[in-house]
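Reading through the structure tokens given below for one structure.
Here is how names work: the chains are called A, B, and so on, in the same order as the sequence lines, proteins then strands, and each is numbered from 1.
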Number of protein chains: 2
Amino acid sequence: MSQKQQDNKKQITINDVAKEAGVSKTTVSRYLGKQYDSLAEDTRKKIEEAIKILDYKPNRMASGLKGGRSYLIGMVVADITNPFTVSILHAAEILCRSKGYSLMVCNTNNDPKVEREYIFMLQSHRIDGLIINTTGKNNQFLLDMAKQRTSVVLVDRKIPELGFDTIGIDNMTPTMEAVQFLLKQDYERIAFFSEPVDGISTRHERLTAFQSVLKAHDHPSQNDIYEVSLNKADDLKKQLECFLNDTRNAKRAIFSANGVVSLNLIKESKARGLKIPEDLSIIGFDDLDWSEIITPPLTTIAQPTEDIGRTAIERVFERIEGDTSPPKEILLSARLKLRGSTH
Amino acid sequence: MSQKQQDNKKQITINDVAKEAGVSKTTVSRYLGKQYDSLAEDTRKKIEEAIKILDYKPNRMASGLKGGRSYLIGMVVADITNPFTVSILHAAEILCRSKGYSLMVCNTNNDPKVEREYIFMLQSHRIDGLIINTTGKNNQFLLDMAKQRTSVVLVDRKIPELGFDTIGIDNMTPTMEAVQFLLKQDYERIAFFSEPVDGISTRHERLTAFQSVLKAHDHPSQNDIYEVSLNKADDLKKQLECFLNDTRNAKRAIFSANGVVSLNLIKESKARGLKIPEDLSIIGFDDLDWSEIITPPLTTIAQPTEDIGRTAIERVFERIEGDTSPPKEILLSARLKLRGSTH
DNA sequence: TTGTAAGCGTTATCAC
DNA sequence: GTGATAACGCTTACAA
């Protein structure tokens, strides 16, 4: 059996349904638009039946072209291999489906060029809404998009000047709390490990909070800042080495700005035979699956990822449904979870 | 500033471009279709410029309606929170973009009703191709879909009767290898832990391989089969307890049929204060991020997830581009990685 | 090399 | 309640 449809019978259309039901296509269209009160009980049933018999599926490209909605939501994420991202996506997807929308998922791998490519692609599909965890390097294109007919909502990374709805977390509070905790435990050196900050608000906020606490305490680690590129082999390894060499015999800790960085730090620490927390303590953003099954369990800052996803998509729908109020910035709270990777 | 477009200026269309460039829209359409050889160098430039000036974005709903293709690929997955799934998705996404297609990601959470809903939705969007990790409970709908214009490719879970291209792995070989390894280490009891098999080929194959080896060795564990529902609280906990009670003082191991099950088994083992591998050994399908950072590192069977995703999308595109050869079943190989969680 | 015109499957505006 | 008919923005014969 050949997989291709030999009898490439053309699509069933609203016309076929109309003929089968013995009505005009306008009437069928009314049925599809659920305008039941302008339909005789009887015709409605005939149409219903015709649809079932013919196995008719309305064509969204056609209806989208004519009137309005594409019923498509774009979701542009920076790193889909990061569980943080997936969790947001997961929550968004559920709500999306319940509203009859579909999600187009686009992974930029933090590359502005890829992001731009996707933005154009999504525009071509005339998506109704966009949720984006942006590189921040395509602001003008996002503004253009919004000027057309697409509701844009920023997640995670904020760019206030754009005037978009934004769903993120308060990064300052838990970061400060974490650093203060470390200070109370008398850590002599504390490093901040992050992927390159590069104008990304989340990273910037975490860094700022980190530094401000140290500064307030006049702590020697104010410049123990390490920006690592995870896709450059050995970069993290070298920088970790650097910190370790610089802090022999000191009671030391690392504050890791996200879960993927934490994972790699732990891998590398294991490889070097370091004992956690004796030789090196670790505290990291993102509470992942494995955080509590490693030895010792990892002290983390848990973000309400599902809430972020849900809230973002809710905001998109509010816009789609006509809300024209000023842009909102919604900040959710993250929570410090103390575990064994810190004394 | 209000976010809504006050000057809801209508979309720029091919007509506007034609006017701006001083040519007919047919000519512009030719340009868009890259039929450059039937275009004068000069007109081509004019069109190019007009497009830039107007910031024109072709409307895919319109072109799709007329010409056939939607440039949409559906990706229906059973569990997006499983990193196995994400990895496949990740690979598919990259290729998709490079071909100018977009991915519509649909998570069924293993629920046939949700799956059906998504299938209809995707049909309405007239997707060109579908990659599906199916529940197996909507076969007729999948066949219908293929009969229309959608190329369907099965990933991970096989259903030979449907005659679809299928990308999966050889589950038998590594499972047998794993069990044989355990037997060589003289495990007295070996349990098989899996989410409910329920006709799902991957799970079934793993189970069959598991049992066949034990049978061949006349091993006492042939019936140590545990099917757990991860969304039912405590189900795994109880079943694990059951196995443990039944095997006091025996040298015992668990073969876990996927990474999420492994994770939960490890969590529960930790909670009970069990030492791995002394009190209980674990060997599990799926080599995840955290497999090697836990203590002891987990012995796993690593699936070539990126290859699966890439191969699946390649197959879809071959079909879309007109391949009508008989359906292929492509089996990739998984690899046993021995680590400390087994002696 | 370019243009005219028909049509893709809908919805919306009229009229009956 | 229902039905012609004209868009929506594009592609594709067919002409020129």
Atom OH of A:Tyr71 and atom P of C:dT10 are separated, to the nearest Å, by 14 Å
In whole angstroms, the gap separating C1' of C:dG9 from NZ of A:Lys19 amounts to 13 Å
Taken to the nearest 0.5 Å, the spacing of A:Ile131 CD1 from A:Cys96 SG works out to 6.5 Å
Residue pair B:Lys25/B:Gly22 against DNA chain C: nearer the 5' end by closest nucleotide is B:Gly22
When rounded to whole Å, the CZ to C1' distance for the pair B:Arg126 and C:dT10 reads 11 Å
Inset, instruction - Assign A:Tyr56 to base, sugar-phosphate, or nothing according to its heavy-atom contacts below 4.0 angstrom with the strands shown. - result: sugar-phosphate
side-chain contact (heavy atoms from CB on, under 4.5 Å) with B:Phe164: of B:Leu142, B:Val153, B:Ile132, B:Ile159, only one passes, and it is B:Leu142
Judged by nearest nucleotide, the residue sitting upstream toward the 5' end of DNA chain C, B:Asp37 or B:Leu65, is B:Asp37
Overall bend of the helix from C:dT1-D:dA16 to C:dC16-D:dG1 (five pairs an end, 10° steps) is 30°
Show, in sequence, the C-alpha distance, side-chain angles and deciding distance for B:Cys106 and B:Leu122, and conclude whether the side-chain contact (heavy atoms from CB on, under 4.5 Å) test is met. CA-CA 9 Å; B:Cys106 309; B:Leu122 293 172; 4.0 Å; yes
Of the candidates C:dT2, D:dT2, C:dT10, the side chain of A:Thr27 sits closest to D:dT2
CG (A:Leu39) and CD1 (A:Ile47) are apart, to the nearest 0.5 Å, by 5.5 Å
If the cut-off is 4.0 Å, is B:Ser24 near the phosphate of C:dG3, judged by side-chain N/O to OP1 or OP2?
yes
Q. Under 4.0 angstrom, heavy atoms only, what part of the nucleic acid is A:Ser29 near: base, sugar-phosphate, or nothing?
A. base
In whole angstroms, the gap separating C1' of D:dT11 from OH of B:Tyr31 amounts to 17 Å
Against the side chain of B:Thr43, the closest entry in D:dT2, C:dT2, C:dG7 is C:dT2
Rounded to whole Å, the CG-C1' distance (B:Asn15 to C:dA5) equals 13 Å
Between B:Tyr101 and B:Tyr71, what is the ring plane arrangement, given parallel below 30°, perpendicular above 60°, and tilted in between? tilted
note: B:Ile14, atom CD1; D:dA7, atom C1'; distance rounded to Å ~ 17 Å
Between B:Arg97 and A:Glu117, does any side-chain N to carboxylate O distance fall below 4.0 Å?
yes
Here the distance between atom P of C:dC8 and atom NE2 of B:His125, to the nearest Å, is 22 Å
inquiry  = What contact category does B:Ser38 fall into here, base, sugar-phosphate, or nothing, at under 4.0 angstrom with non-hydrogen atoms?
reply    = base
From the list B:Lys147, B:Gln148, B:Gln140, side chain to side chain donor-acceptor pair (under 3.5 Å) with B:Asp144 holds only for B:Gln140
Would A:Thr108 and A:Val77 satisfy side-chain contact (heavy atoms from CB on, under 4.5 Å), going step by step from the backbone distance to the final call? CA-CA 6 Å; A:Thr108 66; A:Val77 302; over 6 Å; no
Here the distance between atom C1' of D:dC10 and atom CD1 of B:Ile12, to the nearest Å, is 15 Å
Determine, for B:Asp42 against B:Arg44, whether the closest basic-nitrogen to carboxylate-oxygen distance falls under 4.0 angstrom.
no
| said: If the threshold is 4.0 Å, N to carboxylate O, is there a salt bridge linking A:Arg315 and A:Asp165? | reply: yes
Under 4.0 Å, heavy atoms only, any strand: does A:Leu39 hit a base, just the sugar-phosphate, or nothing? sugar-phosphate
Tabulate atom names and distances for all N/O pairs under 3.5 angstrom spanning the protein and nucleotides 13-16 of chain D.
none

